[in-house]
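Following: one structure in structure tokens, then a few remarks.
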2 protein chains.
Amino acid sequence: MSAIDTPKTSFKQRMLQVREDAIVHAVNRLLAEKGFDAMTVDEVAAQVGIAKASLYKHFPSKEDLAAAAMVRVMQRAQDFISSLPPEADPLENLRAVVRWVLQVKLAGDMPTLPSQNSSLRATLMANNDYMDGLMEVSDRLGAWIEAAQAAGQLSAKLPAIAILYTFFARACDSVVEFLQMGGLFTDEQITELVLSTCFEGLIAR
Amino acid sequence: MSAIDTPKTSFKQRMLQVREDAIVHAVNRLLAEKGFDAMTVDEVAAQVGIAKASLYKHFPSKEDLAAAAMVRVMQRAQDFISSLPPEADPLENLRAVVRWVLQVKLAGDMPTLPSQNSSLRATLMANNDYMDGLMEVSDRLGAWIEAAQAAGQLSAKLPAIAILYTFFARACDSVVEFLQMGGLFTDEQITELVLSTCFEGLIAR
DNA sequence: GTCTATAATCAGATAGAC
DNA sequence: GTCTATCTGATTATAGAC
């Protein structure tokens, strides 16, 4: 490749990147709105404004589309976690992460996947970007969890992994949808309610 | 109808009831195992051992099949609630109900529906048996919740409806699946872990 | 890489004989 | 009411021209 070709190639790659971003963004919205099964590849193509066949030039299957959306949300989680002060109270950082998850969910930006779909699970587990992101997030949160337990902030009788899963599960917590559907509470109120029940529990203190 | 016909008709109706029970039982298992979208009507027919067209003589649509399974699980919940001593500690009764939900779920008997599917929602809301059961359960739990709040057992700063939804959400809590998949904990341990995080929260007391 | 057109399949629902 | 056979529509994925 000659030197004069480099910018041209780079520009093309940037265009490609922009288009793929648009695709993943549309997939993210549709996954958050209707879930994996109800989302059709036709819809994705229509939202992006390209032909379905073009989609398949970028992503080999519907499962890979979903995986790309999960990589994206995992990247966002990593970005948020990295933005938190590492020297701060670990419990406060954990609260901040859960609050962030709830806000993304309330904004309708949290993609949800059916946990039982096996071909989807296989695609996700074969996706290194996703698995790396998942492990990175787990490590960061796990360290804070153990620190908070050592400091007597989080219950030490709960396995750290159970606490971690409890946080992850907030991303698909039906309480949020129930409360949102009722229309009785603002997004801020829902956030604080779920945060409170998650950390403080239901029993009076 | 003559007197001699009555037993015959009644027998026929009993046979019909038995068959429909078998259908709903199969639907329940499939919904618990793979969810609504992945469950096919062909599968249901195969499991019951009848032709698909016969299914449609009993239930007019796939949505109605799912609704029948939800009616069944709601009926079971009512039965369990009725089996509890009304004069007992309301908080203990609530714990018992949540424990029951978790055990049904861990046994793979809890049907789950996609909350976003609108035609399914419409079918459910048009089903009087389901709506009556849902309201009955809500009333019974709601009374215990308010009693427990008045007694200073449950946090009084949480709206009762939010607590109720938190209980309902245990029926589709992904933490249970996460912990079950890991294989590190027994069903009893998972039950106690989720019960503890639900009522006592994550923060050390 | 993007498009139009189409294949291939699958699943919900129905027709019509018995 | 039950069956076999079929319809109908939707959906994932691809062929092939440009």
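Letters A, B, ... mirror the listed sequences (proteins, then strands); counts begin at 1. None of these values were measured; they are calculated from a predicted model. Values reported hereafter were calculated over all heavy atoms of this structure, with side chains retained and with hydrogens, waters and symmetry mates removed.
- C/dT4 atom C1' lies 15 Å from atom CG of A/Leu55, rounded to whole Å.
- Nearest to the side-chain atoms of A/Ser61 among the listed nucleotides D/dA13, D/dC3, C/dT2 stands D/dA13.
- In this structure, the nucleotide among D/dA15, D/dC3, D/dG1 sitting nearest to the side chain of B/Ile50 is D/dC3.
- Taking only side-chain atoms of B/Lys62, from C-beta outward, the nucleotide of C/dT14, C/dA13, C/dT4 with the closest atom is C/dA13.
- In this structure, the side chain of A/Thr197 engages the main chain of A/Val194 through a donor-acceptor pair within 3.5 Å.
- The nucleotide whose nearest atom lies closest to any side-chain atom of B/His58 is, among C/dT2, D/dT2, D/dT11, D/dT2.
- If you measure from atom CD of A/Glu43 to atom C1' of D/dT11, you get 11 Å, rounded to the nearest angstrom.
- Looking at B/Glu192 and B/Arg95, no side-chain N of the basic residue comes within less than 4.0 Å of a carboxylate O on the acidic one, giving no salt bridge.
- At a threshold of 4.0 angstrom between heavy atoms, the contacts of B/Ser54 include nucleobase atoms, whether or not backbone atoms are also involved.
- For the residue pair A/Gln153 and A/Asp89, a side-chain donor N or O sits within less than 3.5 Å of a side-chain acceptor on the partner.
- No salt bridge links B/Asp79 with B/Arg76; every basic N to acidic carboxylate O contact stays at or beyond 4.0 Å.
- Whole-Å rounding puts the A/Gln17 CD to C/dG1 C1' distance at 16 Å.
- Regarding B/Met39, its CE atom lies at a distance of 12 Å from the P atom of C/dA11, rounded to whole Å.
- Using a 4.0 Å heavy-atom criterion, one finds that B/Met15 contacts no nucleic acid atom at all.
- The aromatic rings of A/Phe199 and A/Phe167 sit tilted relative to each other, their planes meeting at an angle between 30° and 60°.
- Comparing atom distances between the B/Leu16 side chain and each of C/dG12, D/dT14, D/dG1 picks out D/dG1 as nearest.
- When the C1' atom of C/dA13 is taken as reference, atom CG of B/Asp64 falls 13 Å away, rounded to whole Å.
- In this structure, A/Leu120 places its CG atom 15 Å from C1' of D/dT12, rounding to the nearest Å.
- Side-chain proximity of B/Tyr56 to C/dT4, D/dT4, C/dT14: nearest is C/dT14.
- Rounded to whole Å, the distance from NZ on A/Lys34 to C1' on D/dA10 is 13 Å.
- Comparing B/Lys57 and B/Lys52 along DNA chain C, the residue whose closest nucleotide (by nearest heavy atom) sits nearer the 5' end is B/Lys52.
- Atom CG of A/Asp42 is separated from atom P of D/dG9 by 16 Å (rounded to the nearest Å).
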